[in-house]
Every structure is written in structure tokens, then in C-alpha cells.
Amino acid sequence: MEYNFRNIEKKWQSEWKKNLQYKVATNFSLPKFYVLDMFPYPSGAGLHVGHPLGYISSDIYSRYKRLKGFNVLHPMGYDAFGLPAEQYAIDHGIHPEVSTNDNIDNFRKQLDNIGFCYDWEREVRTCDPNYYKWTQWIFLQLFDAWYNRKKNKAEPIATLINIFETQGVNNNEVHCSSTVIPFSKEEWNAFDEKKKMEILMQYRLAYCGFGEVNWCEVLGTVLANDEIINGVSERGGHPVVKRKLRQWYLRITEFADRLLDGLDKVDFSESMKEMQRNWVGKSSGAEIKFQLQTSNKNFQNNKLVVYTTRPDTIFGVDFMVIAPEHELVNKIVTEEQKQEVEKYCNTVKKKSERERMAEKKISGISSGAFAIHPFNCKKIPVWISEYVLIGYGTGAIMAVPSGDQRDFLFAKHFSIPITNIFGTHFIQEEAIVSNAIALENSDFLNGMFPKQAIQVAINKFEEKEIGRHKVNYKIHDAVFSRQRYWGEPFPIVWKDGTAIALNENQLPVLLPSLQEIKPGEDGEGPLSNLIAWKNIDSGIREVNTMPGYAGSSWYFLRYMDPKNETEFCNRKIADYWEQVDLYIGGTEHAVGHLLYSRMWTKCLFDLGFISFDEPFKKLINQGKIGGDSRIAYRIHGTNQFVSAGLKDNYKTDELHVDVSLVDGMELNFESFKKWKPEFANATFILESEKYFCGARLEKMSKRYFNVVNPDDVVDKYGADTFRMYEMFLGPLEQDKPWDTKGIEGVHRFLKKLWRLFFDNQKGKQWTTEKPTDAEWKVLHKTIKKIEEDTERFSFNTGVSAFMICVNELTDLKCNKQEILEKLLILLAPYAPHISEELWFALGNTNSILNASFPTWEEKYISETSKTYPVAINGKTRTEINIDLNATQQQVEEIVLNNELVKKWIEGKQPKKIIYVKNKMVNIVL
RNA sequence: GCCCCGGUGGUGGAAUUGGUAGACACGCAGGACUUAAAAUCCUGUGACCCGCAACGGUCGUAACGGUUCAACUCCGUUCCGGGGCACCA
């Protein structure tokens with residue numbers, strides 16, 4: 001009987017499906033474990049071998065936890081709204097819903113092929129009205145909430161209204177929103193409804209406002225900061241410009257500190273935490289007000305407010321720099337400088353985001369105005385330069401050339417005299433950024449180190465009322481609307497310019513079907529073309545849709561209770577499944593998805609809907625699998641190809657060859673000729689009658705013809721081999737190339753395992769004989785190793801432990817049922833199909849999925865003696881078997897009497913003999 | 001520029017707490033079985049040196065230096081690769 005993986009895998013996949021083996025019940029009496037994969041965006045390209053890496057590891061872990069007695073939630077779904085489907089619709093005239101569903105079907109087939117244990121009854125699709133009804137519902141909760149800084153939590157807006165009605169607003173610091181002008185309770189009560197709503201809008205966690213947004217003309221929509229890479233759109237690489245537009249926002253800035261603090265409670269990789277910390281970008285310093293002096297007629301005695309993290313360097317200020325977009329530019333620029341300043345500001349504004357970021361040349365222009373130093377009354381020139389960004393801090397800085405490298409270079413470039421506040425440490429060659437150098441030439445700060453001086457300086461500012469301590473963040477409120485069709489509609493209707501939230505019973509607001517998807521007028525989305533849908537009795541519907549991250553910010557909650565029609569998720573059920581214990585996915589979601597879902601979780605927690613405020617307890621980022629491309633060399637200007645070894649003799653062009661046409665490095669040139677018409681008449685210069693390709697590791701991508709489809713691998717070797725091979729490739733979190741060569745080894749291993757049970761000629765091999773000590777030892781050693789490796793996600797060493805086990809059992813000619821049966825349970829998470837087949841062959845009648853993971857016992861593993869490496873002066877010279885209970889003295893005796901040792905110590909007296917039990921012996925001469 | 005991760009045979013990688021570097025697998029070489037092939041099995045395989053042989057020696061984990069009886073592992077400096085952040089004041 002041979003190992004016929006095709007039949008076996010098909011058979012068990014349908015059996016498991018038929019018997020609902022993967023159905024998960026919310027069983028409160030069992031300990032729970034929640035394993036989650038980042039759900040995929042169902043792209044038209046389908047899965048390549050890189051995608052399942054994370055899914056396989058989470059699948060193994062889920063199955064392992066189940067064998068360990070946990071009730072394991074391991075669901076899958078689709079992040080199905082998004083730009084590519086809409087773009088595809090525009091290009092090909094196929095409705096996003098149609099292409100999305102096709103793509104999902106295709107994904108599902110590919111996933112099923114690999115034998116995952118997902119409970120598909122819990123599948124969610126973000127584009128399903130039964131799902132996005134609750135996305136809209138959560139949006140309403142955010143709309144109907146504000147951030148209470150005093151209590152440091154989100155609260156229903158009713159509590160804010162209550163504050164307004166009873167106290168009014170006198171201190172914006174406590175109750176958020178810097179733009180609201182203080183009012184008394186009497187004033188509030190006298191405001192009309194529209195005015196009240198306007199004020200409340202400035203507090204809502206989901207709010208509508210005007211602001212500079214990242215507008216992408218080609219995509220016809222705004223983008224969040226995390227959707228822009230190097231100044232162009234993440235999807236498509238299109239240019240992005242700043243534009244002032246009405247948009248919805250999420251007030252994520254209020255959560256900045258909690259998003260930072262929460263990182264200490266979760267188990268994410270250091271680099272992942274670092275990325276999030278960078279994104280939040282918290283810094284501490286001071287805001288300082290400077291008196292201005294200018295001949296400009298528009299000047300209204302405005303003050304210049306700067307933000308600095310080094311207020312201690314106040315006596316080193318030699319000039320000020322404000323951003324070209326700064327509102328003071330026009331008010332302070334002098335007549336003499338006006339023309340030049342305008343010219344400069346215009347050139348800067350014309351540049352795209354990308355060009356400005358790439359700009360490394362120092363540029364700037366003097367405004368002609370001066371600021372007055374608050375302590376020594378020195379006149380400080382005010383400059384305008386693009387190196388100061390309008391979006392950060394106050395858009396203005398105090399420049400300290402002796403203490404900041406950029407300021408230093410700027411001063412040098414424009415020959416601005418530099419004040420030295422670091423004495424002999426500063427030698428006019430570079431700025432002093434160290435915080436271990438005491439200040440000089442700094443009045444009341446002289447002799448102090450920065451840490452102390454910062455505090456003293458801030459106190460002085462506060463005393464003189466010219467500045468204060470200030471914490472700054474890079475993070476901005478997240479744009480939450482898109483001028484697009486394929487997304488969740490907002491449950492908002494506009495009436496007389498006021499946004500009115502729909503009632504819960506009006507949800508879901510269905511996405512209307514649309515014949516042709518095209519942008520509306522004035523940068524509005526396609527929905528604005530649907531006049532009948534837009535205009536309703538109560539007003540005008542919001543025509544924007546929600547961004548891609550809306551649905552993915554809370555999907556992990558919906559899996560817990562996916563069919564609930566009255567709640568987004570039942571509280572009791574959410575209390576049972578709680579946080580995701582293990583989340584596996586790619587690094588590309590480090591700042592976007594993870595920050596948003598962390599924020600949503602905190603909101604839902606604050607508002608009392610769930611009992612935890614961090615969604616993911618542990619996060620693992622699987623590495624990327626790179627493509628191993630094959631290159632052919634065409635002699636320049638001809639249709640003749642030269643084998644890799646000879647290419648240096650010619651002038652050649654490199655062409656990517658489809659990896660399926662190449663065996664190892666050897667090109668099948670007959671198939672190659674048929675591949676594309678232009679190669680039909682190609683000729684070849686061969687080496688030893690073969691054509692060898694070159695190789696290159698790069699991203700797995702269609703355009704390099706290096707994409708390997710898991711379906712093909714599964715077809716050739718089976719899902720079990722595929723699963724184990726992906727794991728065997730290397731550590732989960734590491735990037736690695738896909739190389740099909742090694743897969744044979746894993747496949748051989750499964751065949752070898754099979755032969756422990758069945759002989760090709762003789763058939764059934766196993767016996768019910770009692771195992772020997774040696775056989776028990778092999779088994780228990782393996783149980784221990786597999787348990788340890790699986791627990792620490794070291795699946796590659798786990799696979800090799802199985803190989804060692806099967807090799808040893810083969811050497812021992814062990815076919816004992818007692819041993820083999822236990823081994824199958826260990827293997828079941830890694831290779832479920834073959835394990836189930838052999839499990840039933842042994843006579844079991846209940847699925848191996850419901851077995852219990854065996855426990856290893858010390859007595860089978862423990863040794864009475866060990867073969868110690870014996871080193872002389874640290875170099876291992878021999879091995880001696882010594883009883884484990886031997887004392888230091890006994891060991892010394894044994895070792896010193898050994899012939900080889902005697903030879904090496906040449907009669908010298910050892911200084912010291914180091915003996916570490918169970919490790920080694922070292923003789924120091 | 002700053003931060004994080006990494007660098008081990010021809011290849012993927014192992015070494016979990018400082019204790020026999022190179023597990024396991026691929027590849028390669030030789031052999032067995034076979035008329036032959038496939039499949040399977042066995043042996044060898046870091047480099048170098050000595051040798052009839054060895055269960056002989058030297059070197060060896062990017063480079064250099066340090067700590068230690070002992071370093072892939074800890075510390076310092078440098079180089080290289082990958083990722084993130086970035087005129088962020």
C-alpha cells in the first residue's frame with residue numbers, strides 16, 4: 001500500500017467538512033484560546049506560496065491547542081471593501097461586488113486545498129450588509145462620544161452636554177478641542193440647535209471638519225497618512241497633494257498616550273512597537289512666545305510661538321525659522337523682502353509632497369522681521385524656510401546653530417553668526433547635540449546640564465508667562481472618509497449643514513447599486529451621482545464612504561458572534577473569547593490597521609461594550625517569502641540566447657523567464673519557445689548541451705514570472721508536504737526565498753513515516769508488541785521537543801524533530817502501535833491528513849482532531865550517565881562516559897586516569913578541573 | 001542621520017540559560033538492489049595539514065579587540081545586508 005496523498009487528503013477534507021469537525025461552539029466551561037490571522041484582501045491575483053506561511057503556522061498552533069484541551073477560535077474572513085476592486089470595475093466594467101465574490105471563491109478554493117481548520121460558519125466579509133451594519137453602528141457610537149481628558153476616557157456625548165448645561169466651558173485643556181471659544185452655561189442654553197451641534201462636532205470622536213488632506217487626483221480620493229509611502233499613494237504610486245476639503249476624521253490623537261502605554265502590555269516584536277511609537281511621535285518640550293518687531297503695516301502685534309524640545313538652549317538662539325505656509329508670513333514680511341519672500345513661498349508651494357521630501361538643498365529667505373529675545377532683548381532675525389514643516393509643532397522654530405545640526409548648516413549657509421553656548425566643546429564645525437555637556441554663556445542656566453536646565457528654563461518661562469511645558473505628537477487625527485464607491489456608506493444625513501446621525505433601527509444604510517462608477521462633482525464620490533438615493537425627506541445623505549480600515553478595525557470581535565442580528569457582539573460571548581491570544585500577520589499593517597483597531601478597542605472598552613482595551617495579546621509577523629527568479633540572457637539586438645556560464649562573452653539583455661519552464665537552473669528551451677510568440681524562433685548557445693539560467697532573489701510578483709501557486713505544489717506533493725515544507729524553510733518571522741528543491745526531503749519524510757505502518761509489498765506493518773525502553777525514549781524525547789518547539793513557534797525545528805524521530809524509529813525497526821499512535825497525535829497539527837488516515841488505519845473510530853496531546857514522562861527520557869566532552873584548556877580532546885551522580889572528586893579521578901587526558905596534560909599539575917553536571921568537563925593547566 | 005533586526009558549510013538552516021559549532025534537510029560524490037530506470041537503502045561530505053590508519057593536528061560562526069576555565073552566544077569598535085523613521089525642532 002502506497003502513500004496516496006491525493007486520495008487521502010481529498011477524503012479527509014470532505015469527511016471533516018461533513019462532520020462539522022471545525023465548528024466552534026462558545027462553550028463557557030472550557031478554557032478558550034483565540035488564534036487569528038490577518039484576514040486577506042481578496043485580490044484578483046489569488047494566493048502565492050508566500051501568503052499561507054502565516055496561515056499554516058496559526059493552523060498548526062490552533063490544532064495543537066485543541067489537542068491540549070482548549071476551545072480554540074480560529075476563524076477566517078475577507079477584508080472585501082477597497083480601492084483595487086473599484087479600480088478594476090472602472091477599467092473592466094465589472095461591478096466590484098461581482099469581482100470581489102469571484103475572488104473570494106478563488107481564495108476559498110486555494111485555502112481549502114491546504115487543509116486549514118477554520119470554522120467557516122463564522123466567516124465575515126466586510127462588504128456584507130450584515131457585517132457593515134455593525135461597522136456603521138460602531139461609527140455611530142464614535143460619533144456619539146467625546147474624549148474626557150479629566151477621566152482620560154471616551155464617554156457618551158450626553159455627559160458633555162450635561163457639563164455644558166451645568167457649567168459651560170471655561171477650560172479647554174480639560175475638555176478637549178482647542179478651537180471652541182469658552183462659553184457659560186447660560187450662553188450654551190441660549191444657543192440654537194445648529195450652534196450646539198457645531199460645538200459638539202468639535203468634540204466627537206468621529207467628526208466632520210475642514211482640513212488639509214492628502215488628495216490623490218488619480219485615485220480621486222483622500223488618503224490617510226499611512227496610505228502614503230514616500231509622498232505617493234501606497235496603491236498605484238500616484239502623486240498626492242495637500243488640499244483643503246471637508247472630511248470625516250477619527251480623533252485618534254486623544255488616544256496617543258494610551259496607544260503608547262498599551263504597548264507595554266502587549267507582546268509585539270520590538271520593531272513593531274518601535275514603528276508605532278515613531279508614528280505616534282511623542283516628544284516633550286516647551287512652547288515659547290516671542291515678541292515680534294517689523295515694519296509691515298499688516299502687523300497686529302502678533303507673537304511668534306515656537307515649539308522646542310531643547311528650551312535649555314534659549315540663550316543660543318541666533319534666528320527664527322517659520323514654515324512658508326505659516327500665517328504670520330504675510331503679516332511680518334517687510335516691504336524690502338516682500339517680493340523675494342513671495343517668490344520663495346510660491347516655488348515651495350508648487351512642489352509636490354514628494355519633491356519637498358526629497359529636497360536636500362538648504363534654502364530659505366529672510367522675512368526682514370525680528371523677534372525679541374525674552375531675556376537679553378537681542379534682536380533675532382526671522383527666516384522662512386521649507387525645512388520647517390507647517391504640520392508639526394507650531395510650524396515655527398527657534399534656531400540654535402550651536403546645538404542643532406540643521407540649524408547649524410542653515411546658519412553656515414547664510415553666514416548667520418553663531419552664538420556658542422557650549423564653551424570649548426563647540427568648535428564651529430558641527431552642532432553639539434550631546435546632553436552630557438554643561439551650558440555656558442547662558443545666564444541663569446550656566447553650568448547646568450540639559451536635563452536640569454530644561455526644567456529650570458520652563459519654570460522661568462511660566463513665571464514670566466512667555467512659555468509653558470508642552471507635549472507634542474506627530475500623529476494626526478485620521479481621515480475617515482473616502483470619495484469612493486466600494487466602501488461602507490455613512491449613517492449620516494445632512495440637514496441645513498448639520499450632520500444628523502441615523503437611528504440604530506435605520507441600519508444598515510445599504511450601499512446602493514450603481515451602473516457606472518465615476519466621480520461626482522467637486523471631488524465628491526460616485527454616490528453623489530445617485531440623486532434619488534442622496535436626497536431623502538430628512539435631508540441629504542452623506543455621499544462619502546468609509547476607508548478600508550473601518551471594517552478591519554473590529555472584525556476580530558464579530559468572529560466571536562458572527563450571526564448576531566441585534567448586537568455587534570454579545571457581551572457575555574465577548575467576555576468569554578476576550579482578547580486575541582495569538583495574532584499572525586505581516587509587518588505592512590504595523591501602523592495603519594493595528595493602531596486603528598487598538599483605538600477602536602479602547603473606545604468600545606471605555607463605552608462599556610467590551611471588557612478589554614487591547615485587542616491583540618500577542619502578535620507575530622511572519623516573514624515574507626521571496627521569489628527565486630530565473631534569468632535568460634539574450635544577445636543584444638538578436639533572438640539568440642546564451643547560457644549563463646558563457647554570457648560574459650557577449651553583450652546581453654536580461655529577461656525574466658517563467659520559473660515553471662526551468663528545472664533547477666536548466667531551461668526547458670522547447671517549452672520556452674512555445675511560451676511567447678517572439679521566442680518561437682529563438683536560438684540558443686548551450687553549455688554541455690544545456691541552457692542554464694541565471695538566478696535572482698526578489699519579490700514574488702507576476703512581472704518577474706517567479707510566482708509559485710500553492711495549488712501546483714499541493715497537486716504535486718500534497719497539502720501535508722506543503723504545510724511541513726513551508727514550516728521547514730526556516731524561522732517563521734524571517735524572510736526567506738522559495739526554493740522548491742528542498743521539498744523532496746519533506747515528502748520523503750512522510751513516505752518514510754508511512755512505511756512504519758505499511759510495507760509496499762507486505763501491507764500492514766504495525767504490531768501490538770510492547771515497546772522497548774529505547775523506543776519509549778525516542779517517543780518521549782519527541783513529545784517533549786514537539787511541545788517545546790510548538791509552544792515557541794519554532795516550527796522549523798519541530799519538523800526536523802519529527803524527521804529525527806522517524807529516522808530513529810526506522811533504525812530501531814519499531815512498528816509498535818503504542819508508539820506510532822502517540823506519534824500521530826504529535827504530527828496531526830503539522831500534517832493532519834496523513835495523521836488521520838493512519839490513525840483510522842490503526843483502528844481508531846473517533847477523529848484524531850479530538851485526541852489528547854500526549855504528556856512526556858521524565859522516566860523514559862532520563863539517563864543514568866552521560867558522555868561528557870572533556871576539554872583541556874577549553875579545547876575538547878575526548879569524550880568520557882561518566883555517571884550523572886558522580887561527585888566532583890569522582891569525576892576528577894576518572895578524567896585524570898584517562899589515557900588520552902594523561903597524554904595531553906603531559907604530567908603537568910592541573911590548576912583546576914571544571915565540571916558542570918550534564919554539560920562538560922574542562923581541565924585547566 | 002536616528003532606531004530595530006540580521007551576517008554560521010556549496011544551499012535552507014540548528015545550537016532554547018555562555019558549556020562537544022554545523023542537528024535536520026537539500027545538493028554533491030561513491031556504493032547496494034535492478035536487464036535498465038524510477039523508488040528505496042547504505043556510506044561520505046566545513047577548510048586545511050600529516051598519514052598506512054586514526055577514535056591525529058591546525059584553523060573556522062562578517063572583521064578586529066576584550067571579558068571568561070569556556071564565546072555563534074556577553075561587551076567594545078568596524079564592515080556588510082534587510083526593515084522602519086526622518087529636515088519632527
Side-chain angles (χ1 to χ4, degrees), chain A residues 2 269-279 281-283 285 306-311 313 321 356-363 385-389 391-400 403-407 409-410 433 472-474 587-588 590-591 621 623-624 664 725 728-731 733-746 748-749 751-752 755 760 785 788-789 791-792 794 796-805 807 810 867-879 900 903 910-925:
Chain A
E2 266 183 80
S269 72
E270 212 32 61
S271 66
M272 187 67 39
K273 290 183 179 183
E274 202 55 33
M275 278 190 242
Q276 296 200 11
R277 286 193 193 106
N278 278 337
W279 193 258
K282 183 178 184 174
S283 70
V306 303
Y307 172 71
T308 177
T309 55
R310 291 292 303 273
T313 61
V321 187
R356 256 180 97 167
M357 283 171 73
E359 187 58 74
K360 292 278 176 271
K361 261 201 336 256
I362 296 169
S363 73
S385 172
E386 64 175 325
Y387 90 89
V388 170
L389 307 175
Y392 184 75
T394 60
I397 63 159
M398 60 174 215
V400 181
D404 181 287
Q405 189 60 18
R406 281 157 309 147
D407 298 346
L409 293 173
F410 192 88
V433 288
N472 223 327
Y473 300 91
K474 276 194 273 185
T587 14
E588 63 273 21
V591 289
N621 301 111
K624 288 188 204 41
Y725 182 58
F728 191 59
L729 236 31
E733 295 180 70
Q734 196 171 299
D735 288 351
K736 49 214 154 221
W738 176 262
D739 172 16
T740 319
K741 273 274 161 60
I743 199 168
E744 299 280 353
V746 173
R748 260 173 229 154
F749 153 74
K751 285 200 278 195
K752 199 165 175 180
R755 285 199 303 273
N760 282 352
K785 177 80 175 144
E788 285 169 357
D789 285 353
E791 291 281 359
R792 67 189 174 106
S794 179
N796 55 328
T797 53
V799 174
S800 89
F802 282 122
M803 290 173 170
I804 293 168
C805 176
N807 287 347
T810 305
T867 304
Y868 283 91
V870 178
I872 286 114
N873 277 340
K875 282 193 202 304
T876 306
R877 295 301 180 184
T878 187
E879 288 175 345
L900 250 160
K903 193 192 108 189
K911 280 200 192 105
K912 199 164 150 193
I913 295 174
I914 291 147
Y915 160 60
V916 182
K917 192 178 168 184
N918 215 4
K919 295 281 185 193
M920 43 61 70
V921 180
N922 188 15
I923 301 162
V924 186
L925 292 176

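Naming: A, B, ... by sequence-line order, numbering from 1 per chain.
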Do the side-chain N and O atoms of A:T587 and A:N621 include a donor-acceptor pair separated by under 3.5 angstrom?
no

Options B:G84, B:A21, B:A86, nucleotide nearest the side-chain atoms of A:M275
B:G84

Which part of the nucleic acid, if any, lies within contact of A:I914, taking any heavy atom under 4.0 Å across all strands shown: a base, the sugar-phosphate backbone alone, or nothing?
base

Test side-chain contact (heavy atoms from CB on, under 4.5 Å) applied to A:Y868 and A:K917, step by step:
CA-CA 9 Å; A:Y868 283 91; A:K917 192 178 168 184; 4.2 Å; yes

Categorize A:S800 for me: base, sugar-phosphate, or nothing, with a 4.0 angstrom heavy-atom threshold over every strand shown.
base

Have a look at A:K911 and say if it touches a base, only the backbone sugar-phosphate, or nothing, with a 4.0 Å heavy-atom cut-off.
nothing

A:T797 has its side chain closest, among B:A14, B:C87, B:A21, to B:A14

P spacing across the pair B:C72 / B:G84, given as an integer number of angstrom
33 Å

With sugar-phosphate meaning primed atoms plus P, OP1 and OP2, does A:P737 contact a base, only sugar-phosphate, or nothing at under 4.0 Å between heavy atoms?
nothing

So, A:K752 versus A:N807: side-chain donor-acceptor pair below 3.5 Å or not?
yes

Starting at CZ of A:F728, measure out to CD1 of A:I743 and round the result to the nearest 0.5 Å.
11.5 Å

Taking B:A62 as the reference, what is the distance to B:C69 when you measure between their C1' atoms (whole Å, please)?
27 Å

Is the glycosidic angle of B:G9 within 90° of 0, making it syn, or outside that range, making it anti?
syn

Between A:Y387 and A:D407: side-chain donor-acceptor atoms closer than 3.5 Å
yes

Value in whole Å for how far the P atom of B:C87 lies from OH of A:Y392
11 Å

Taking any heavy-atom pair under 4.0 Å as a contact, classify A:Q405: base, sugar-phosphate, or nothing.
nothing

Would you classify A:N807 as touching base, sugar-phosphate or nothing, given that sugar-phosphate means primed atoms plus P, OP1 and OP2, and contacts are heavy atoms under 4.0 Å?
sugar-phosphate

Which nucleotide, in any strand shown, forms a Watson-Crick or G-U wobble pair with B:C41, with both distances under 3.5 Å?
B:G31

Working to the nearest 0.5 Å, report the span between CZ of A:R406 and CD1 of A:I362.
11.0 Å

Nearest to side-chain heavy atoms of A:E274, which nucleotide of B:C3, B:A89, B:G12
B:C3

Look for any protein N or O under 3.5 Å of an N or O in nucleotides 37-47 of chain B and output each such pair with its distance, or none.
from  : atom 1 : to     : atom 2 : distance (Å)
B:U40 : O3'    : A:R755 : NH2    : 3.1
B:C41 : OP1    : A:R755 : NH2    : 2.9

Among the candidates B:G13, B:A25, B:C87, find the nucleotide nearest to the side-chain atoms of A:M803.
B:A25

Among the nucleotides B:A89, B:U16, B:G84, whichever has the atom closest to the side chain of A:R792 is B:U16

Give A:D404 one of three labels, base, sugar-phosphate or nothing, depending on what nucleic acid heavy atoms sit under 4.0 Å from its own.
nothing

Once hydrogens and angles are ignored, does a donor-acceptor distance under 3.5 Å link the base of B:C69 to the side chain of A:N922?
yes

State which of B:G84, B:C26, B:A25 makes the closest approach to the side chain of A:F728.
B:A25

With rounding to the closest Å, how many angstrom separate the C1' atoms on B:C88 and B:A15?
43 Å

Which value, in whole Å, describes the distance between the C1' atoms of nucleotides B:A70 and B:G19?
7 Å

Distance from A:I397 atom CD1 to A:R310 atom CZ, nearest 0.5 Å?
13.5 Å

Mind checking A:S283 for me? I need base, sugar-phosphate or nothing, with any heavy atom below 4.0 Å counting as a touch.
sugar-phosphate

Thinking salt bridges, do A:R277 and A:E274 make one under a 4.0 Å N-O criterion?
yes

Taking any heavy-atom pair under 4.0 Å as a contact, classify A:D739: base, sugar-phosphate, or nothing.
nothing

For a quick check of understanding: with a heavy-atom distance under 4.0 Å over all strands, which category does A:E788 fall into, base, sugar-phosphate or nothing?
base

Indicate, with a heavy-atom threshold strictly under 4.0 Å, whether A:K785 touches base, sugar-phosphate, or nothing.
base

